[in-house]
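Working notes, beginning with the structure itself.
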Amino acid sequence: MTRARVSSWCTSCFDRTGDPATGWAIALSFALLAAVGQALAGETKAFFVDSQAGNDSASGTSPSTAWKSLGKVNKTTFLPGEKILFKSGATWTGQLWPKGSGSATAPIIVDKYGAGPKPIINAAGLTADAILLKNQEYWEIQNLEITNSGQPPAVRRGVHLVADNVGDVHHLYLRSLTVHAVNGVDSEKVNGGIHYSAVGDSKPSRFVDLRIEDNHIYHVDRSGIFGWSTHWTRSKWYPSLGVVVRGNVLDDIGGDGIVVVATDGALIEHNVVSNANQRSQGYNDGIWPWSADNTIVQFNEVYGMRGQRDGLGFDSDWNSRNTIIQYNYSHDNEGGFLLICNDGSQTASDSVGNVGTIVRYNISQNDHHRGINISGPVKDATVYNNTIYVGKNENVSLLLYANWTGWSDGMRYYNNIFYVDGAARFTYATSHTDDGVYLTAPGFGPSKNNVLDFNVFYHVAPVDDPDAQVADPLLQAPGQAQAGGLGLIGYSPQAKSPTVNSGKAIADSGGRDYFGSPVPSCGGVDRGAVELKVCENSK
């Protein structure tokens, strides 16, 4: 059973009474039945697009009868299970916005055909979004190159997914896209590389099953991957679900690297963000959730963040509960390793604060200025089994507390290794300058209920810690790791390290160390991010 376009068989689209609305409903019903029959018959209809040899008057159903323009694609309403295939190596100028939606069993696929480089969609600054899907669901877009640059800079994006007063939008997958040269503006976070926006002024709207995977994003402004929602406040809370940001490589980003907003249960993993916050005058970090519950940030690498506004590798931000940041590698970030923050000026109808953050089994090497920055009235956070290495030429506040309309209450630190070859201290902020630089004093300031126990302090004066080790932790080769994780094994303890089996057992600790070795192992829990792999009784 083949499917014809509605316009080719519905000549009047009137029912017997002459009602056009009923006629269109009947026509669309026949179209959907045709699509279902096509899927049941195992047929997949593909439409080919060739910017050089194509012809918009052709059928488009084979490479030899390919369409030519984005205009032809954009005017077409596609049905479940259909494919839109762009010719490898070809280039189109303008916006790609195909219409229609797929189904749960038959998404619409956008891909390339033929051997060679990815097809290029170049919006050339003519439109805000090079690729746009609005109030559409069950789409998968992959293997395209996307750019959007013009003069002067304006709000521009490579890809934009929009749910606008429509309810739940399901199954949008962006994979293996190359997005670059997007000259957006610094005044708007939701522009640059890949973005999603949920707007629910009249009807709560969100994304369900949104995946952004294996994309390469570089030289975009302001943000690399950024989500937005009008449901970020707790009085209007309607979070997106099933959001996965995985395997992306981002470099030379004007501001933030990866940010999820108004989500519950988002997963951000196996991404690399390098050289972000390069051109923005705002506050930006590498990877962070904001107004998000139960986010897991794991197996990522962030390095080369510029500046101290904020310029940190990772961030657990305000209006968020139960963020877990684990198994990440942070290095050479100017603003530091980690920010945990809460804006104390927010009302309860807008924000739940920052509650229940867990930071565990991460490695920080040569992050500048700040190790861990606690800003504002953060509550009930636990930081354990991290290894923070401060190199010979560094001068770092290992823990830096700051006021943001309030101070933290209930910070706990266990089993962390503070390994200092340069200079380091534990401080609180007395003030800060416009460029984000903190002026500090020793101690934790007005913050309350800080608990430190079983931590390791090497070449740094310890703070109050009943079971501290003030000794060389005897790591294999600290400070030698490189980009990509090469050399991180150097943070493993030697067999005679005092950290082995001397740490505090933590309930629900994730069951593994940075490299995946079980915790506990060898009869106990080690201090730091890496467990000893070879037990004494197994030699």
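Basis for what follows: all heavy atoms, side chains included, without hydrogens, waters or symmetry-related copies.
- Using a cutoff of 4.0 Å between basic side-chain nitrogens and carboxylate oxygens, K72 and D56 are not scored as salt-bridged.
- Ring centroids of Y303 and Y329 are separated by 6.0 Å or more, keeping the two rings apart.
- Between W232 and W237, the ring centre distance reaches or exceeds 6.0 Å.
- For S316 and T357, the side-chain atoms include at least one donor-acceptor pair closer than 3.5 Å.
- Counting only residues at least two apart or on different chains, the salt bridge (Lys or Arg N to Asp or Glu O under 4.0 Å) pairs with a member in residues 356-381 are D380-R412.
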Steps toward side-chain hydrogen bond (donor to acceptor under 3.5 Å, both in side chains) verdict (D435, T433): CA-CA 5 Å; D435 60 358; T433 62; 2.3 Å; yes
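- Note on residues 190-214: pairs passing salt bridge (Lys or Arg N to Asp or Glu O under 4.0 Å), not counting sequence neighbours, are D168-R206, R175-E213, D209-R211, E213-R246.
- Geometrically, K99 engages W97 in a cation-pi contact, judged by NZ or CZ lying under 6.0 Å from the ring centre and within 45° of the ring axis.
- Side chains of N165 and S202: a donor on one and an acceptor on the other come within 3.5 Å.
- Separation of the F86 and Y113 ring centroids does not fall under the 6.0 Å cut-off.
- Judged by distance alone, the side chains of N191 and E188 never bring a donor and an acceptor atom under 3.5 Å apart.
- A salt bridge does not link R279 to D186: none of the charged nitrogens lies less than 4.0 Å from a carboxylate oxygen.
- Using a 3.5 Å distance cut-off with no hydrogens or angles, the side chains of H331 and Q482 do not pair a donor with an acceptor.
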